[in-house]
Amino acid sequence: MENSTHAPLIGRGMVAGLAATVVLSLLMIVKQAMGLMPELNLIGMLTQMMGAQTALVGWLAHFVIGVVVWGVAFAWIDSKLSYAHWINGVIFATGAWLMMMIVVMPMAGAGLFGLNLGLGIMAPLATLMLHWIYGAVLGAVYGMGTRINTASANVERPTHA
């Protein structure tokens with residue numbers, strides 16, 4: 001593919017990443033507000049890992065990862081999978097979850113799969129569910145862009161004399 005064909009895919013991936021990150025963020029806020037598994041505070045973990053004093057840094061990192069890193073990566077990988085976009089998103093998010101469990105959680109001091117948080121299997125299960133929701137939204141929104149682009153490409157253009 002030429003560079004000119006990559007830009008729309010990357011932009012669509014970032015838009016989908018933004019939508020998915022907003023949905024994920026709202027769920028995380030609701031989880032914390034309800035007092036569900038307060039030990040599992042992903043923004044707090046990111047903030048601590050970055051050595052910051054304010055959660056704003058953790059939120060910024062969360063959005064950069066969700067929008068830029070995962071959005072762009074999904075735009076690249078979606079065309080290599082042959083399922084519906086939302087299923088591709090769930091598959092992709094499962095890989096992102098696995099990376100979080102074996103790289104990020106230990107770096108944050110939570111241990112492999114977050115098992116040091118004292119929540120047992122609930123930490124990996126809760127984060128897997130959140131990742132699947134993120135992935136389904138990511139893929140669905142990305143797929144909407146595909147359908148819109150396909151539909152607009154199929155519209156007959158008027159010819160000029």
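Not measured: the values here are computed from a predicted model. Note that the numbering runs from 1 along the sequence shown for the chain.
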Side chain to side chain contact (heavy atoms under 4.5 Å, CB included) between T127 and M101: does it pass, once the steps are laid out? CA-CA 9 Å; T127 54; M101 293 295 106; 3.2 Å; yes
What's the separation between atom [atom1] in [X] and atom [atom2] in [Y], rounded to the nearest 0.5 Å?
X	Y	atom1	atom2	value
L27	I133	CG	CD1	5.0 Å
I10	R12	CD1	CZ	11.5 Å
I87	D78	CD1	CG	11.5 Å
L40	L130	CG	CG	7.5 Å
L115	I121	CG	CD1	7.0 Å

With sequence neighbours left out, what residues match [X] under side chain to side chain contact (heavy atoms under 4.5 Å, CB included)?
X	value
M129	W132
M122	M37, L119
L112	I102, P106
V69	none

Side chain to side chain donor-acceptor pair (under 3.5 Å): which pairs involve [range], sequence neighbours left out?
range	value
residues 106-118	none
residues 99-112	none
residues 28-50	none

With the 4.5 Å side-chain cut-off for hydrophobic clustering, are [X] and [Y] part of the same group?
X	Y	value
V30	L26	no
V57	V68	no
L56	I65	no
V72	L18	yes
M100	M50	no

Mind jotting down which residue pairs meet the ring-ring contact (aromatic ring centres under 6.0 Å, His included) criterion with at least one end in [range]? Sequence neighbours excluded, please.
range	answer
residues 99-120	W97-F113
residues 11-31	none
residues 33-59	W59-H62

My understanding is that only residues two or more places apart in sequence, or in another chain, count here; which of them pass ring-ring contact (aromatic ring centres under 6.0 Å, His included) with F74?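 Result, ring-ring contact (aromatic ring centres under 6.0 Å, His included) vs F74: F92, Y142.
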On a heavy-atom basis, which atom in [X] and which in [Y] lie closest, and how many Å separate them?
X	Y	value
S82	N88	N-OD1, 4.3 Å
A123	G114	CB-O, 3.9 Å
A75	G13	CB-CA, 4.1 Å

For residues F63 and V22, determine if any side-chain heavy atom of one lies less than 4.5 Å from a side-chain heavy atom of the other.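 F63 vs V22: side chains touch.
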Run the side chain to side chain contact (heavy atoms under 4.5 Å, CB included) test on M105 and M45 for me, step by step, so that the C-alpha distance in whole Å, both residues' side-chain angles and the decisive distance to 0.1 Å come before the verdict. CA-CA 8 Å; M105 286 290 192; M45 287 179 186; 3.8 Å; yes
Carefully, step by step, assess H131 and V90 under the rule side chain to side chain contact (heavy atoms under 4.5 Å, CB included). CA-CA 8 Å; H131 275 81; V90 171; over 6 Å; no
Can a donor-acceptor pair be found, under 3.5 Å and without considering hydrogens, that links the side chain of Y83 to the backbone of I91?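 No.
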